Structures are given as C-alpha cells and as structure tokens.
Amino acid sequence: MEKYNPEEIEIKWQKKWEESELFKVKYNREKKKFYILEMFPYTSAQIHMGHVRNYTIGDVVARYKVMNKYNILHPIGYDAFGLPAENAAIKQNIHPKEWTYKNIDTIRRQLKRLGISYCWEREVITCDPEYYKWNQYFFIQFFKRGLVYKKKSPANWCPSCQTVLANEQVIDGKCWRCGEIVENKNLEQWFIKITEYAERLLDFSGIKNWPERVITMQKNWIGKSEGCEIYFYIPEIDEILSVFTTRADTLLGVTYLVLSPYHPLVEKITKVSSNSKEIEKFIERIKKASLTVQDILKIEKEGVDTKIFAVHPITQEKIPIWIGNYVLMEYGTGAVMAVPAHDQRDFEFAEKYNLPIKIVIKNPEWKEIPEKLEKAYENHGIMVNSEIFNGLDSEKGKEEVRKYLEKINKGKKSVYYRLKDWCISRQRYWGTPIPIIYCPKCGIVPEDEKNLPVKLPDEVKITGKGESPLKYVAEFLKCKCPVCGSNAERETDTMDTFVDSSWYFLRYASTWMENKPFDKDEVNYWLPVDQYIGGIEHAILHLLYSRFFVKVLKDMGFVNFEEPFENLLCQGMVIKDGAKMSKSKGNVVDPEDMIKKYGVDTLRLFILFAAPPEVDLEWSEKGIEGCWRFLNRVWRLHSEIKNYSEQNQEHDEKLKFMINKVVKGITEDIEKEFQFNTCIAKMMEFINFLNKELNEKKVSKYIVIECWKKFIKILYPFTPHICEEMWESLNEKNFLFNEDWPSYEELEIVEEKINIGVQINGKIRGNIEIPPDFDAEKIYNLLLNNEKFKKIIEGKKIIKKIYIPNRLINIVIEI
RNA sequence: GCCGGGAUGGCGGAAAGGAAGACGCAACGGACUUAAAAUCCGUUGGGAGCUUGCUCCCGUGAGGGUUCGAAUCCCUCUCCCGGCACCA
C-alpha cells in the first residue's frame, strides 16, 4: 500500500483545479445564488492561523453549497492601503507599493497552498488606482449629497502613528493599531455624516443571522438616548439655555445647572458675572488639563459658580448656574440640569459645593421621605414635591412633564446619539487621495469626475512626521481648478482605509467594470452577501461603516438592498497557552510549518475539529496529530476497501443505515450552525464502525463501495485534496466539486431489537432490549419478566407509564 | 453602573426537556516487535460495596422552582469573558 503523502496529493490537485478553472464563477441565473465571503486580508507579510481558520471555514461552506447546487460567488482580495506599508518603507527603505505587492504575492501563494476555492479572476486590490478611483468617485457623490464636510475640531491624534484616528479606532483611549495613548489635537479634518444614518443603523431588521453580541456592540456604539430638551431662561443675558435630560420626571428636583467650559454661552455669562475672574481662571485650567482621552476618565469633578441664575420653567425659581469639568460639550446640548437627589454625580458635586438637595422621587421602600440622603436615589418611584405631578409614577411622569413643557413651549422631545461623524482624513501617504481642490477663487471644489483617479505619485519622501508627505510633492500638489481653471492646490490628506473596505464586497460582483464601480445588475444579483465570515474585532469598525455605505448607496440608487451582509459568522481566535498568538509572546505557530509537517488537509481538519467556529480555539500539537492519524486511517481504509472482495451481506443493511445517519447528521449540523466539529466527530464514528465491519467481513463489497463513495463526498468540503485522490482511484472522472451532495432517506431502522433506558420515577435503573414496534404497555410487560425491574415495580401502584420512542421508558410508581 | 455572552471529566469539547460526558487528546493495560516508533485491541467522571462484573450513591458554577423526567425552561446568587460608560 502506498503511504499517504499529502504534499504530493495536494499539489497535484491544486494544479488540476487551477488548470481546469474549476472555481471560476459561472454565469448561471437558473440556479439559486450564494455569495460566500471572508473578510479580505490586510497585506502584512504573511498569513497566520487566524486567517487559516477564517478561510477554511469559508471554503467548507463554499464547497458544501456548490455541491448543493448553488451558483457560488467566492472571491478574495487584499486590503492593501495603510500605515504598516509606510512604516516598512521607513524601516526597510522599500517603497510602500513594492512592499505591498510583494506581500500580496506571498499571501496569494499561501492561499492557493491552502486550497481555498476562490475565483482568482475577481481579485480586488485596494491600492490599485482602478479600485481607489471609485473611493474618490463615491467621496464626490457623498460630497454632492451633503454627506461630507470639513471642520476644525479636536481630533484623536496618535503620536506613534502620526495621524488622526476616527472615534471607532480609539479603544480605551488608545490607538487600535499600535496601542499608544491618544492625544487631542485641533486639526482641519474631513468627516462623513454617518450620524445622519444613526436611526437606520439601529434597525437590524434587514439582517437574518448575526451574533447577538455584534448587534449589541453596534447598538452600544450608536448609543441612542431618548429624552427631553428643557429650556431655562437666563434674564441677565436674555438668553435661553437648553439642557438635555432623560429624566424629565426629576425636573422639580433641579437645584442648579451646569455648563461645559466649552459651552457657547459661557463667554456671555462670564462678562456679566461678578465672579468672572474665578471663572476665567477655572476655564483656563480645565482647557489646559485635558490632554489625553484617558485622563478625562480619571478627573475629579470640579466646578465654579457663575453667580448668574436661570429661571425654572415650572416653579419660576432662581436656579444657580455653574460651570463644571464633567459636562461634555460633545454630548447633548453641553449643559445639564443637576438633580443631586437622583443622580450620583450631581449628588457628589452638590455635597462638595454645598448646593441644596431636593428629593422629588420617593423610593417605594421608604416609609417616609428621609431628611438626608446617603447617596442619590436613581431608580424610579412616586413623584413628590413636584406640584401638579405629585403622586404620579415617575416612569409615567417623564411623559407627563414632557407633554406639559411642550404645551407651555418650555421643552420638547429629543433624541441624542453617542455616535459621532466619521473622520476619514489621514495625514499619510499610503491611502486614497481625497479628491478635493482648494481654489483661490472658487474655494473648496471636488475634482472633476472625468479626471479620476487622482493618482498617488510614486516619487515621495516618507518621513513618518506629522504632515502628509503629499504636501511636498509639487507635481501632486499643484493643479488647475476644475471650475475656473486657475492655479490651485490639492488636498493632501488621504482617506481612512476603512473607506476601501466599506464597499470592496460590491466590487467583486463585477471586477471587470472600467467606467463604473460595479455593474448594477450583477451587484443586485449577487448581493447581499449570504454568508460573511470574519473576526469579531471588526464588529463596530468595518461592519458599521459597510452598513452605512450600503445604505447611502441605496439612497443614491446604486444598489437595491439595504444591508450588505445577511448572515455573519464571527470566528473565534486561535490561541496558544491561553493567549492570542503574537510575536511578542513567542507563541506563534506558522501555518506553513504545519503544512510541511502534515499537509493542508490535516491542518484544515484540526482547525475545524478542535472547537465550534465561533469559540476561541486552543492550538494543540497533540490535537493536530490526532487529525493526522485520522486521515491516515481513512487512507488505509481506502486501499483496504479497494482490495476487499467479501460477498457476505449480513450487515449490509446496517452499514447503509449508518452512512445514511452520518449524511443526515452532517447535513443538519452544517445547515444549523456550521457545527463542523460535530460533523467531523460523526465521520470519525463512521470510520471506527466501518473498520470493525470490514474486519468482521460481514458486509459485501458492492455495498461497501457504495457507502464509501458517499463518505468521500461528505468528507470532501473539509479535506478536499485527499478526497479527490481517493475519488479518482475509484475510477471516477468528475471533480468532486461538480458532484452532488449525497441525499439521505429518512432513516429506516433495520435492527430487530433496540435498547432503551428504563427509568423508575425518572431515575435511570438500567436498560432493556425491545422490538422496535413495542408500545408502553408491551414494554411494561417485558419489564415484569425481568428479575431486576420486577423487584422494584412489583406490588407498587403504577401511576403512569411514559415511553419516549427509541430512547427510554419511565415507570412512575407510588412510593 | 448598563447591555450581551458564558461556566459540563485531567484537557478540547458532545448532548430535540428523555440513558450526561459523543468524538478527539492525555493516561493506563494488552497485541505486534530483539527493541523502539508506527499501527491495532481494550479500560478510563468521582466514590462505596461485594460474589470482579455487577449493585448502589454522588455528579453539568451555587441555591431554589416547574416537570414523570432539567446541562437544557423559570427565579435568586457567585465567578469569568466581551462591549459601552462623568452620555446627563
């Protein structure tokens, strides 16, 4: 028997697949379509285990769906713009373009070696001008629709990456890429109005099956908060101050107001205040203090009294106005009404500055309203000290107060979101140039569409310093205004790379298009993506931006669907020794080493078998050896079967029953939740069983071959190479890729006797053999013939007999 | 604090409300071998008993509940992971 030689087999079949263009997308509108997509890789040096897991899962789905007669789109591309290319440029003195394309060649070779069934004709490379041209085109469309604007604002500045970051890219006050603490820097930036789509992004009804946690993360990120704006009149400056609250029911408990130091009314108030010196000192100190986003979280609550008063909209009382460091200008109206009795922050502030505390919500557990509170009571209760609202339940009171305020024009219903507009400017070279021109006569004008792409110049000096390298490339910078023709200058910032990945999945539908980003019919046929697979780390970033992009494109008539990804699977990480694989921890396992040692099929099998896809997978050298043994067993069994000549039919029906059961089980496990680990367990069980049957020689050659062919087909999506080799050696001419997934009949049970559990009062007491067609009564009579059960049951009053077919019988007796 | 997800042998993990621990790993015993590797065949949740292959008890983070029957459903709690958080 020939030894299992994975490398030889795998390379042979990969070559054959390529030569026959097996995975090329076919034009076939009769079949049902299925778009299976894995998140494209960032073009860093090479593939790691996380990629192997991601792409293997996708490949199993793709091959399974093809065999189930779907028309498949399964593309791949490269997320090729971004900072690491520039860092490499500085470090290794290599051009970012060269570095990137070199890496793409490596990754492509590795993906091919993994045997993933991609349609290679549809590669997308985001740093290709033919691709980023459309980033610029979309930018201009967004600009024309008023969804793009420029403003100077405090930006998240990463001192290590020397560029700004979007809010989504700041994690715990640190840069998502390098972990450096993010600073604030005032810069002119381009923004996309994602906030206009906040409400639609909160609507997940167009999504079929996403992990609950991803939806929660997006909801948290958008952070919708429904409440009420309330107007307080300030007579001394004749202005109305608007505050936002979600607790209008506590309005009568307001004892002071607090403004953010950045609030627009602060200046006016300071002017007329008798305490202006103190205020100025305070504000200056606060503005200087808040350097990093992290610091803000730790700062102690402080404030200053303006000695100016506002009028309470209901009681007409004079309410003191303070300025406090804990009120954010970026959220709500930048001013809050303080209710120290029912908000812990306000409570602490009031204690510190001796401000009054007025209880207006009665905790149902209180017998009486306490003189003094230990801490704020933040829950709901009965409204007290609240004039006409007394006695109302505070939940209901919220509505009532709001309605009343609306009636007297002192407030209105209002909604705020945590979500901020998407800052897409990056002061870097290796990205899509923002197609904007600054003309001394016309101002800010977008580049003419027919001049796209605005190409990145190749000649550039990359320094890694805080300004875009494009500023120093004269040929790039100098241009003509597309409106008036005068000498003008280009924008030198480039786009966030998340713009690239917000629509790449649309480009795959028709990568050949030259005059359009994509063909409308093709995109509307293939999209939405039926199954998207990728890491959880993009739960907010990429997945939110893509949803937003598609919604805008729909509104502009480019596409006719609302959601890009109907089903999402977030695969878990591959970890070793309890930690994510990383160079710094020295626990990296290189996929190429594993392929050399065991072959791709074994690697794929292990990665699918060790855990369900969405759970973190602990790397185990012993575990992969187990999978290696399994494939060797399959291989040996295959040649045994070829030499097998037995005619004995005694167990033929049993074998047919078993393969039928396995096919059914695996089909269901894949359809249900992509439970590849249990699929593989079932195939292992079958192999154990078949091995025994062959040794006992109670099955006939004809049936063994028939069942074995079915087995090869169901193993195929998991370990395609070894299966093709076995298939071919059975004189089969077709690629398994073009074979149909085996069908299964509803199980005919052939056994004459089945074994069921016996429970007495729900407690398992043993088991008994019964003919399959017996009912509860007949089984009960059998039990009476059995020494053991007879002893327990005899003489007792039988209350109930419950028979669960093929599983167990439960006799309920009186004790 | 709010929201979401978890907790099952020595380990990774299985289990329509119906025999908990499939499958794999590790461990142990045996076969083959001069020997080892490889391979094959057994045993393997914990505890107790004896007549040694059978009987009993306990067991899915903890405690209650529903049910003939709960890892699974409900309530309370503990711990772990993830997200959001001076968000008004």
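Here the structure is a predicted model, which means the values were calculated and not measured. All chains are named by letter (A, B, ...) in the order of the sequence lines, taking the proteins before the strands, and each is independently numbered beginning at 1.
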Inset, instruction - Rounded to whole angstrom, note down the P distance from B:rG24 over to B:rU43. - result: 13 Å
Inset, instruction - Can you tell me, in whole Å, how much space there is between the P of B:rC25 and that of B:rG18? - result: 29 Å
Legend entry - Assigned partner base of B:rG42, Watson-Crick or wobble definition, under 3.5 Å: B:rC28
Legend entry - Distance below 4.0 Å between A:R636 side-chain N/O and B:rC40 OP1 or OP2: yes
Inset, instruction - Give A:I811 one of three labels, base, sugar-phosphate or nothing, depending on what nucleic acid heavy atoms sit under 4.0 Å from its own. - result: nothing
Inset, instruction - Remember a base hit wins even if backbone is also touched, and classify A:P211 as base, sugar-phosphate or nothing at under 4.0 Å, heavy atoms. - result: nothing
Inset, instruction - Ignoring hydrogens and angles, state whether a donor on the side chain of A:T250 or A:H342 is under 3.5 Å from an acceptor on the partner side chain. - result: no
Legend entry - Interatomic distance at C1', B:rC11 relative to B:rG21, whole Å: 13 Å
Inset, instruction - For a side-chain contact (heavy atoms from CB on, under 4.5 Å) with A:M383, tell me which candidate from A:V360, A:V401, A:L252 qualifies. - result: A:V401
Legend entry - Atom-to-atom span, CD of A:E378 to C1' of B:rG1 - whole angstrom: 8 Å
Inset, instruction - Kindly confirm or rule out a cation-pi arrangement of A:K801 over A:Y780, judged by NZ or CZ under 6.0 Å from the six-membered ring centre and within 45° of its axis? - result: yes
Legend entry - Nucleotide forming a Watson-Crick or wobble pair with B:rC56, both distances under 3.5 Å: B:rG47
Inset, instruction - Check every atom of B:rG5, B:rG13, B:rG12 against the side chain of A:E212 and return the nucleotide holding the closest atom. - result: B:rG5
Using nucleotides 15-17 of chain B, report all nitrogen or oxygen pairs with the protein that are shorter than 3.5 Å.
from: B:rA15; atom 1: OP1; to: A:Q675; atom 2: OE1; distance (Å): 3.2

Inset, instruction - Would you mind classifying the nucleic acid contact of A:G626 as base, sugar-phosphate or nothing, using non-hydrogen atoms under 4.0 angstrom? - result: sugar-phosphate
Legend entry - Distance between C1' atoms of B:rC58 and B:rG42 (Å, rounded): 27 Å
Inset, instruction - Answer yes or no: does a side-chain N or O of A:N688 lie under 4.0 Å from OP1 or OP2 of B:rA22? - result: no
Inset, instruction - Check every atom of B:rG5, B:rG12, B:rA88 against the side chain of A:V336 and return the nucleotide holding the closest atom. - result: B:rA88
Legend entry - Under-4.0 Å side-chain N/O to phosphate OP1/OP2 contact, A:N677 with B:rA14: yes
Inset, instruction - Answer yes or no: does a side-chain N or O of A:N806 lie under 4.0 Å from OP1 or OP2 of B:rG18? - result: no
Inset, instruction - Quickly work out the A:W210 CH2 to B:rG4 P distance and round it to whole Å. - result: 18 Å
Inset, instruction - Could you tell me whether the side chains of A:Y598 and A:E7 share a donor-acceptor contact shorter than 3.5 Å? - result: no
Inset, instruction - Check whether more than 12 heavy atoms from other residues, nucleotides or ligands sit under 6.0 Å from atom CD of A:E673, and answer yes or no. - result: no
Inset, instruction - May I ask you to say what A:N379 touches in the nucleic acid, namely base, sugar-phosphate or nothing, with a heavy-atom cut-off under 4.0 Å? - result: nothing
Inset, instruction - Check every strand shown and say whether A:V758 touches a base, only sugar-phosphate, or nothing at a heavy-atom separation below 4.0 Å. - result: nothing
Inset, instruction - Classify the nucleic acid contact of A:R213 as base, sugar-phosphate or nothing, counting any heavy atom under 4.0 Å across all strands shown. - result: sugar-phosphate
Inset, instruction - Using atom OH of A:Y416 as one end and atom C1' of B:rA85 as the other, report the distance to the nearest whole Å. - result: 19 Å
Legend entry - Euclidean distance, atom CG of residue A:D577 to atom C1' of B:rC11 [Å, nearest integer]: 13 Å
Inset, instruction - Say whether A:R285 and A:N325, considering side chains only, have a donor N or O and an acceptor N or O under 3.5 Å apart. - result: no
Legend entry - Interatomic distance, A:Y262 OH vs B:rC87 P [rounded to whole Å]: 18 Å
Legend entry - Closest nucleotide among B:rG83, B:rG24, B:rA88 to the A:F609 side chain: B:rG24
Legend entry - Among A:I57, A:L617, A:T602, A:N54, the one residue meeting side-chain contact (heavy atoms from CB on, under 4.5 Å) with A:I607: A:L617
Legend entry - Whole-Å gap separating P (B:rA85) and CG (A:L419): 12 Å
Inset, instruction - Assign A:K692 to base, sugar-phosphate, or nothing according to its heavy-atom contacts below 4.0 angstrom with the strands shown. - result: sugar-phosphate
Inset, instruction - Could you check how far CG of A:L541 sits from P of B:rG83, rounded to whole Å? - result: 12 Å
Inset, instruction - If a protein heavy atom is under 4.0 Å from the base, mark B; if only from the sugar-phosphate, S; if neither, -; do that for nucleotides 64-73 of chain B going 5' to 3'. - result: ----BS----
Inset, instruction - Figure out the CG/C1' separation between A:L617 and B:rC25, and round it to whole Å. - result: 13 Å
Legend entry - Result of checking A:V327, A:T306, A:I319, A:I323 against A:L257 for side-chain contact (heavy atoms from CB on, under 4.5 Å): A:I319
Inset, instruction - Return yes if some donor-acceptor pair links the side-chain N/O of A:R53 with the main-chain N/O of A:G572 below 3.5 Å, else return no. - result: yes
Legend entry - 5′-ward residue of the pair A:G332/A:M684 relative to RNA chain B: A:M684
Legend entry - Base-pairing assignment for B:rC87 (Watson-Crick or G-U wobble, both under 3.5 Å): none
Inset, instruction - Look at all strands and tell whether A:K622 reaches a base, only sugar-phosphate, or nothing, counting heavy atoms closer than 4.0 Å. - result: sugar-phosphate
Legend entry - A:K788 vs B:rU55: side-chain N/O to OP1/OP2 distance below 4.0 Å: yes
Inset, instruction - Considering only atom C1', compute the distance from B:rC23 to B:rC75 and round it to an integer number of Å. - result: 36 Å
Inset, instruction - Mind checking the CD-CZ spacing from A:E395 to A:R247? Nearest 0.5 Å is all I need. - result: 8.0 Å
Legend entry - Base-pairing mate for B:rG69 - Watson-Crick or G-U, with both contacts under 3.5 Å: none
Inset, instruction - Could you verify whether a donor N or O on one side chain and an acceptor N or O on the other, from A:N363 and A:N379, lie under 3.5 Å apart? - result: no
Legend entry - Charged tip of A:K778 within 45° of A:F774 ring normal and under 6.0 Å: yes
Legend entry - Rounded C1' spacing from B:rU60 to B:rG13 in Å: 13 Å
Legend entry - Syn/anti state of B:rG30 by chi, 90° boundary around 0: anti
Legend entry - Sidechain-backbone polar pair: A:T333 side chain, A:S242 backbone, donor-acceptor under 3.5 Å: yes
Legend entry - C1' gap between B:rG65 and B:rG49, integer Å: 35 Å
Inset, instruction - Return yes when atom NZ of A:K208 has more than 12 non-hydrogen atoms of other residues, nucleotides or ligands closer than 6.0 Å, and no otherwise. - result: no
Legend entry - Nearest-nucleotide 5' precedence on RNA chain B, A:K682 against A:A611: A:A611
Legend entry - Contact under 4.0 Å: A:R629 side-chain N or O vs B:rC25 OP1/OP2: yes
Inset, instruction - Provide the distance between the two P atoms, one in B:rG61 and one in B:rG9, to the nearest whole Å. - result: 8 Å
Inset, instruction - With heavy atoms under 4.0 Å as the rule, sort A:S620 into base, sugar-phosphate or nothing. - result: nothing
Inset, instruction - Please determine, for B:rG4, whether a Watson-Crick or G-U wobble partner exists with both distances under 3.5 Å, and give it or none. - result: B:rC81
Legend entry - Pairing partner of B:rA37 (Watson-Crick or G-U wobble, both distances under 3.5 Å): none
